[in-house]
Protein chains: 2
Amino acid sequence: MSEAEKPLAIRAADAPARQKPSNYPEPFASRMAGRHKHPLGDLFGLTNFGVNLTRLEPGAETALLHRHSRQDEFVYVLEGAPTLVTDTGEIDLQPGMCSGFKAGGLAHHIVNRSDRPAVILEIGDRRPGDSGEYPKDDLVAALGSDGAWIFTRKDGTPY
Amino acid sequence: MSEAEKPLAIRAADAPARQKPSNYPEPFASRMAGRHKHPLGDLFGLTNFGVNLTRLEPGAETALLHRHSRQDEFVYVLEGAPTLVTDTGEIDLQPGMCSGFKAGGLAHHIVNRSDRPAVILEIGDRRPGDSGEYPKDDLVAALGSDGAWIFTRKDGTPY
(Lines give C-alpha, C1' and ligand atoms only; values in the text may rest on other atoms or scores of the structure.)
Protein backbone atom coordinates (compact mmCIF):
# COMPACT_ATOMS: atom_id res chain seq x y z
CA MET A 1 0.00 0.00 0.00
CA SER A 2 1.54 3.33 -1.01
CA GLU A 3 1.41 6.27 1.36
CA ALA A 4 -0.86 8.06 -1.11
CA GLU A 5 -3.45 5.28 -0.87
CA LYS A 6 -3.67 5.39 2.90
CA PRO A 7 -6.09 7.69 4.71
CA LEU A 8 -4.51 10.02 7.26
CA ALA A 9 -7.20 9.02 9.75
CA ILE A 10 -10.68 7.48 9.73
CA ARG A 11 -13.70 7.12 11.96
CA ALA A 12 -13.24 3.59 13.28
CA ALA A 13 -16.98 2.92 13.06
CA ASP A 14 -16.76 3.48 9.28
CA ALA A 15 -14.16 0.74 8.74
CA PRO A 16 -15.56 -2.12 6.64
CA ALA A 17 -16.29 -5.42 8.38
CA ARG A 18 -13.97 -8.35 7.69
CA GLN A 19 -15.52 -10.39 4.90
CA LYS A 20 -14.82 -13.81 6.41
CA PRO A 21 -16.85 -13.91 9.64
CA SER A 22 -14.64 -16.59 11.26
CA ASN A 23 -11.51 -18.61 10.50
CA TYR A 24 -12.69 -21.45 12.77
CA PRO A 25 -13.93 -24.71 11.27
CA GLU A 26 -17.49 -25.77 12.03
CA PRO A 27 -19.12 -26.21 14.49
CA PHE A 28 -17.10 -23.34 15.98
CA ALA A 29 -17.52 -20.83 13.16
CA SER A 30 -21.28 -20.71 13.69
CA ARG A 31 -20.73 -19.81 17.32
CA MET A 32 -19.11 -16.57 16.07
CA ALA A 33 -22.36 -15.34 14.52
CA GLY A 34 -23.05 -11.95 16.05
CA ARG A 35 -19.35 -11.06 16.17
CA HIS A 36 -18.33 -8.44 13.61
CA LYS A 37 -14.65 -7.61 13.24
CA HIS A 38 -13.65 -4.36 11.53
CA PRO A 39 -9.90 -4.38 10.86
CA LEU A 40 -8.36 -0.97 11.54
CA GLY A 41 -4.60 -1.43 11.50
CA ASP A 42 -4.67 -3.07 8.06
CA LEU A 43 -6.25 0.08 6.60
CA PHE A 44 -3.05 1.95 7.43
CA GLY A 45 -0.73 -0.78 6.17
CA LEU A 46 0.30 -1.99 9.62
CA THR A 47 1.78 -5.49 9.69
CA ASN A 48 3.51 -5.93 13.08
CA PHE A 49 0.22 -6.06 14.95
CA GLY A 50 -3.47 -6.08 14.18
CA VAL A 51 -6.17 -3.80 15.56
CA ASN A 52 -9.85 -4.62 15.19
CA LEU A 53 -12.97 -2.77 16.19
CA THR A 54 -15.10 -5.73 17.21
CA ARG A 55 -18.84 -5.47 17.69
CA LEU A 56 -20.57 -8.15 19.74
CA GLU A 57 -24.32 -8.51 19.40
CA PRO A 58 -26.13 -9.83 22.50
CA GLY A 59 -25.00 -13.44 23.00
CA ALA A 60 -21.87 -13.08 20.85
CA GLU A 61 -18.29 -13.70 21.97
CA THR A 62 -14.92 -12.39 20.76
CA ALA A 63 -13.46 -15.89 20.29
CA LEU A 64 -13.56 -19.32 21.85
CA LEU A 65 -11.88 -19.46 25.26
CA HIS A 66 -8.23 -19.54 24.20
CA ARG A 67 -4.65 -18.57 24.88
CA HIS A 68 -1.83 -17.82 22.45
CA SER A 69 1.64 -19.33 22.84
CA ARG A 70 3.62 -16.35 21.52
CA GLN A 71 1.29 -13.45 20.70
CA ASP A 72 0.14 -10.91 23.28
CA GLU A 73 -3.35 -9.43 23.21
CA PHE A 74 -4.99 -6.29 24.60
CA VAL A 75 -8.63 -5.18 24.69
CA TYR A 76 -10.30 -1.85 25.46
CA VAL A 77 -14.06 -1.58 25.87
CA LEU A 78 -15.68 1.30 23.96
CA GLU A 79 -19.38 0.50 24.38
CA GLY A 80 -21.65 -1.90 26.20
CA ALA A 81 -21.32 -4.21 29.16
CA PRO A 82 -19.59 -7.43 28.09
CA THR A 83 -17.99 -9.96 30.45
CA LEU A 84 -14.37 -11.06 30.40
CA VAL A 85 -14.24 -14.80 31.06
CA THR A 86 -10.92 -16.49 31.88
CA ASP A 87 -10.06 -19.97 33.06
CA THR A 88 -9.67 -18.63 36.61
CA GLY A 89 -12.51 -16.14 36.92
CA GLU A 90 -14.59 -13.48 35.25
CA ILE A 91 -15.29 -9.78 35.51
CA ASP A 92 -17.97 -7.47 34.15
CA LEU A 93 -16.56 -4.79 31.87
CA GLN A 94 -17.69 -1.25 31.13
CA PRO A 95 -16.58 1.39 28.64
CA GLY A 96 -13.13 2.65 29.57
CA MET A 97 -12.03 -0.70 30.99
CA CYS A 98 -9.18 -2.68 29.49
CA SER A 99 -7.36 -5.96 29.88
CA GLY A 100 -4.28 -7.65 28.49
CA PHE A 101 -3.38 -11.26 27.88
CA LYS A 102 0.28 -12.22 27.89
CA ALA A 103 1.17 -15.12 25.61
CA GLY A 104 1.03 -18.34 27.61
CA GLY A 105 -1.08 -16.70 30.32
CA LEU A 106 -4.74 -17.12 31.20
CA ALA A 107 -7.13 -18.50 28.61
CA HIS A 108 -9.73 -15.82 27.92
CA HIS A 109 -12.55 -14.52 25.81
CA ILE A 110 -15.15 -11.77 26.08
CA VAL A 111 -18.81 -12.73 26.06
CA ASN A 112 -21.72 -10.35 25.64
CA ARG A 113 -24.38 -11.59 28.06
CA SER A 114 -26.13 -8.22 28.02
CA ASP A 115 -29.13 -7.23 25.91
CA ARG A 116 -27.32 -4.56 23.90
CA PRO A 117 -24.31 -4.52 21.58
CA ALA A 118 -20.78 -4.19 22.93
CA VAL A 119 -17.90 -2.61 21.00
CA ILE A 120 -14.30 -3.45 21.79
CA LEU A 121 -10.89 -2.51 20.45
CA GLU A 122 -8.76 -5.64 20.14
CA ILE A 123 -5.01 -5.57 19.56
CA GLY A 124 -2.83 -8.60 18.93
CA ASP A 125 0.70 -8.87 17.63
CA ARG A 126 1.61 -11.12 14.73
CA ARG A 127 4.66 -12.94 16.08
CA PRO A 128 5.37 -15.99 13.88
CA GLY A 129 5.29 -19.52 15.25
CA ASP A 130 2.21 -18.81 17.35
CA SER A 131 -0.32 -21.46 18.34
CA GLY A 132 -3.74 -21.34 19.94
CA GLU A 133 -4.90 -23.56 22.79
CA TYR A 134 -8.63 -24.01 23.49
CA PRO A 135 -9.21 -25.51 26.95
CA LYS A 136 -12.95 -26.11 26.49
CA ASP A 137 -13.07 -27.16 22.83
CA ASP A 138 -11.57 -29.96 20.75
CA LEU A 139 -9.48 -27.54 18.74
CA VAL A 140 -5.82 -26.61 18.26
CA ALA A 141 -4.58 -23.75 16.06
CA ALA A 142 -1.14 -23.41 14.50
CA LEU A 143 0.00 -20.33 12.61
CA GLY A 144 1.33 -21.37 9.20
CA SER A 145 4.37 -19.75 7.64
CA ASP A 146 1.96 -17.92 5.29
CA GLY A 147 0.27 -16.27 8.27
CA ALA A 148 -2.90 -18.39 7.94
CA TRP A 149 -4.22 -20.44 10.85
CA ILE A 150 -4.39 -24.23 10.57
CA PHE A 151 -7.05 -25.78 12.81
CA THR A 152 -7.09 -29.44 13.87
CA ARG A 153 -8.67 -31.55 16.57
CA LYS A 154 -6.54 -32.16 19.67
CA ASP A 155 -5.58 -35.61 18.34
CA GLY A 156 -4.15 -33.88 15.25
CA THR A 157 -6.86 -34.95 12.81
CA PRO A 158 -8.23 -32.27 10.49
CA TYR A 159 -11.71 -30.83 10.57
CA MET B 1 4.82 -10.85 36.93
CA SER B 2 2.86 -13.89 38.10
CA GLU B 3 -0.71 -14.39 36.93
CA ALA B 4 -1.90 -13.90 40.52
CA GLU B 5 -0.37 -10.40 40.61
CA LYS B 6 -2.12 -9.23 37.46
CA PRO B 7 -5.57 -7.63 37.56
CA LEU B 8 -8.19 -9.27 35.34
CA ALA B 9 -9.15 -5.84 34.03
CA ILE B 10 -8.86 -2.20 35.10
CA ARG B 11 -10.38 1.17 34.34
CA ALA B 12 -7.77 2.67 32.03
CA ALA B 13 -8.22 6.10 33.61
CA ASP B 14 -7.04 4.61 36.92
CA ALA B 15 -3.69 3.42 35.54
CA PRO B 16 -0.77 5.26 37.14
CA ALA B 17 1.12 7.80 35.03
CA ARG B 18 4.61 6.88 33.86
CA GLN B 19 7.07 8.31 36.34
CA LYS B 20 9.56 9.62 33.78
CA PRO B 21 7.68 12.29 31.80
CA SER B 22 9.97 12.00 28.73
CA ASN B 23 12.96 10.00 27.52
CA TYR B 24 14.09 12.87 25.26
CA PRO B 25 17.15 14.93 26.18
CA GLU B 26 16.69 18.65 26.72
CA PRO B 27 15.55 20.92 25.18
CA PHE B 28 13.06 18.37 23.82
CA ALA B 29 11.96 16.86 27.14
CA SER B 30 10.53 20.19 28.31
CA ARG B 31 8.39 20.32 25.18
CA MET B 32 6.62 17.18 26.48
CA ALA B 33 5.25 19.01 29.53
CA GLY B 34 1.49 18.56 29.44
CA ARG B 35 1.77 15.05 28.02
CA HIS B 36 0.89 12.31 30.52
CA LYS B 37 1.44 8.70 29.52
CA HIS B 38 -0.34 5.98 31.48
CA PRO B 39 1.08 2.57 30.49
CA LEU B 40 -1.69 -0.03 30.22
CA GLY B 41 -0.16 -3.08 28.54
CA ASP B 42 2.68 -3.27 31.08
CA LEU B 43 0.11 -3.68 33.89
CA PHE B 44 -0.89 -6.98 32.33
CA GLY B 45 2.67 -8.16 31.70
CA LEU B 46 2.57 -7.55 27.95
CA THR B 47 5.98 -7.28 26.30
CA ASN B 48 5.44 -7.65 22.52
CA PHE B 49 3.80 -4.25 22.25
CA GLY B 50 3.04 -1.29 24.46
CA VAL B 51 -0.30 0.42 25.04
CA ASN B 52 -0.53 3.83 26.66
CA LEU B 53 -3.48 5.98 27.63
CA THR B 54 -1.99 9.37 26.82
CA ARG B 55 -3.52 12.60 28.04
CA LEU B 56 -2.60 15.83 26.27
CA GLU B 57 -3.25 19.09 28.03
CA PRO B 58 -3.94 22.09 25.74
CA GLY B 59 -0.74 22.81 23.85
CA ALA B 60 0.79 19.38 24.47
CA GLU B 61 1.91 16.89 21.83
CA THR B 62 2.31 13.09 21.84
CA ALA B 63 5.92 13.23 20.64
CA LEU B 64 8.18 15.22 18.37
CA LEU B 65 7.36 14.79 14.69
CA HIS B 66 8.96 11.39 14.05
CA ARG B 67 8.90 8.08 12.24
CA HIS B 68 10.11 4.67 13.36
CA SER B 69 12.27 2.47 11.15
CA ARG B 70 10.85 -0.90 12.28
CA GLN B 71 8.03 -0.38 14.77
CA ASP B 72 4.41 0.23 13.74
CA GLU B 73 2.14 2.56 15.68
CA PHE B 74 -1.62 3.01 16.03
CA VAL B 75 -3.68 5.68 17.78
CA TYR B 76 -7.36 5.88 18.75
CA VAL B 77 -8.88 9.10 20.06
CA LEU B 78 -11.02 8.71 23.19
CA GLU B 79 -11.62 12.35 24.16
CA GLY B 80 -11.00 15.84 22.88
CA ALA B 81 -10.15 17.39 19.54
CA PRO B 82 -6.43 16.99 18.84
CA THR B 83 -4.78 17.38 15.43
CA LEU B 84 -2.74 14.73 13.63
CA VAL B 85 0.22 16.41 11.97
CA THR B 86 2.32 14.52 9.41
CA ASP B 87 5.06 15.62 7.06
CA THR B 88 2.55 15.69 4.19
CA GLY B 89 -0.57 17.15 5.82
CA GLU B 90 -2.75 17.32 8.87
CA ILE B 91 -6.25 16.38 9.97
CA ASP B 92 -8.44 17.30 12.92
CA LEU B 93 -9.38 14.31 15.03
CA GLN B 94 -12.44 13.53 17.12
CA PRO B 95 -13.33 10.75 19.56
CA GLY B 96 -13.79 7.51 17.64
CA MET B 97 -11.19 8.40 15.01
CA CYS B 98 -8.01 6.40 14.57
CA SER B 99 -4.82 6.38 12.56
CA GLY B 100 -1.88 4.08 12.01
CA PHE B 101 1.75 4.69 11.14
CA LYS B 102 3.65 1.97 9.35
CA ALA B 103 7.37 1.82 10.12
CA GLY B 104 9.24 3.89 7.56
CA GLY B 105 6.07 5.75 6.55
CA LEU B 106 4.98 9.31 7.22
CA ALA B 107 6.53 11.23 10.06
CA HIS B 108 3.77 12.12 12.50
CA HIS B 109 2.70 13.39 15.88
CA ILE B 110 -0.54 14.50 17.50
CA VAL B 111 -0.79 18.06 18.79
CA ASN B 112 -3.52 19.39 21.04
CA ARG B 113 -4.26 22.87 19.72
CA SER B 114 -7.66 22.93 21.43
CA ASP B 115 -8.49 24.48 24.80
CA ARG B 116 -9.41 21.21 26.50
CA PRO B 117 -7.57 17.96 27.25
CA ALA B 118 -7.39 15.17 24.70
CA VAL B 119 -7.08 11.49 25.59
CA ILE B 120 -5.64 8.98 23.16
CA LEU B 121 -4.86 5.27 23.15
CA GLU B 122 -1.40 4.72 21.65
CA ILE B 123 -0.12 1.31 20.60
CA GLY B 124 3.39 0.57 19.39
CA ASP B 125 5.21 -2.70 18.95
CA ARG B 126 8.64 -3.33 20.44
CA ARG B 127 10.52 -4.77 17.49
CA PRO B 128 14.27 -4.67 18.26
CA GLY B 129 16.70 -2.69 16.11
CA ASP B 130 14.30 0.22 15.78
CA SER B 131 15.40 3.80 15.27
CA GLY B 132 13.62 7.14 15.37
CA GLU B 133 13.98 9.89 12.76
CA TYR B 134 12.96 13.47 13.59
CA PRO B 135 12.63 15.59 10.42
CA LYS B 136 12.24 18.91 12.23
CA ASP B 137 14.64 18.46 15.16
CA ASP B 138 18.36 17.80 15.55
CA LEU B 139 17.74 14.40 17.07
CA VAL B 140 18.22 10.73 16.21
CA ALA B 141 17.06 7.82 18.38
CA ALA B 142 18.45 4.28 18.38
CA LEU B 143 16.93 1.45 20.39
CA GLY B 144 19.64 -0.19 22.48
CA SER B 145 19.83 -3.94 22.99
CA ASP B 146 18.53 -3.33 26.55
CA GLY B 147 15.37 -1.76 25.15
CA ALA B 148 16.38 1.78 26.18
CA TRP B 149 16.52 4.63 23.65
CA ILE B 150 19.85 6.32 22.90
CA PHE B 151 19.45 9.91 21.64
CA THR B 152 22.13 11.82 19.75
CA ARG B 153 22.36 14.82 17.48
CA LYS B 154 22.18 14.13 13.76
CA ASP B 155 25.98 14.41 13.55
CA GLY B 156 26.23 11.58 16.09
CA THR B 157 27.37 13.70 19.03
CA PRO B 158 25.64 13.06 22.35
CA TYR B 159 23.35 15.46 24.18
Which of B:Thr86, B:Val77, B:Val75, B:Leu78 touches chain A most, by non-hydrogen pairs under 4.5 Å: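 Heavy-atom pairs under 4.5 Å are most numerous for B:Leu78.
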Contact leader toward chain A among B:Asp14, B:Leu53, B:Leu121, where contacts are heavy-atom pairs under 4.5 Å: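 Going by pairs under 4.5 Å, I would pick B:Leu121.
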Stepwise salt bridge (Lys or Arg N to Asp or Glu O under 4.0 Å) test for B:Asp42 and B:Arg18: CA-CA 11 Å; B:Asp42 295 350; B:Arg18 192 174 74 172; over 6 Å; no
Worked verdict on A:Asp155 versus A:Thr157 for side chain to side chain donor-acceptor pair (under 3.5 Å): CA-CA 6 Å; A:Asp155 66 5; A:Thr157 57; 2.6 Å; yes
Single hit among A:Val140, A:Leu65, A:Leu64 for side-chain contact (heavy atoms from CB on, under 4.5 Å) with A:Tyr134: A:Leu64
Parallel, tilted or perpendicular: ring planes of B:Phe74 versus A:Phe44, cut at 30 and 60 degrees: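 If you compare the ring of B:Phe74 with that of A:Phe44, the planes turn out perpendicular.
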Chain B heavy atoms under 4.5 Å from [X]: which part of the residue, side chain, backbone, both or neither?
X       : answer
A:Gln94 : neither
A:Leu93 : side chain
A:Leu84 : side chain
A:Arg11 : both

Trace of the salt bridge (Lys or Arg N to Asp or Glu O under 4.0 Å) decision for B:Arg116 with B:Glu79: CA-CA 9 Å; B:Arg116 58 199 164 99; B:Glu79 295 176 31; over 6 Å; no
Pick from A:Ala12, A:Gly100, A:Cys98 with the largest number of heavy-atom pairs that fall under 4.5 Å of chain B: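 The residue among A:Ala12, A:Gly100, A:Cys98 with the greatest pair count is A:Cys98.
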Chain B interface, residue from A:Met97, A:Glu90, A:Gln71, A:Arg70 that has the most non-hydrogen pairs under 4.5 Å: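 Ranked by heavy-atom pairs under 4.5 Å with chain B, first place is A:Met97.
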B:His66 ring center near B:His68 ring center (under 6.0 Å):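 Ring centres of B:His68 and B:His66 closer than 6.0 Å.
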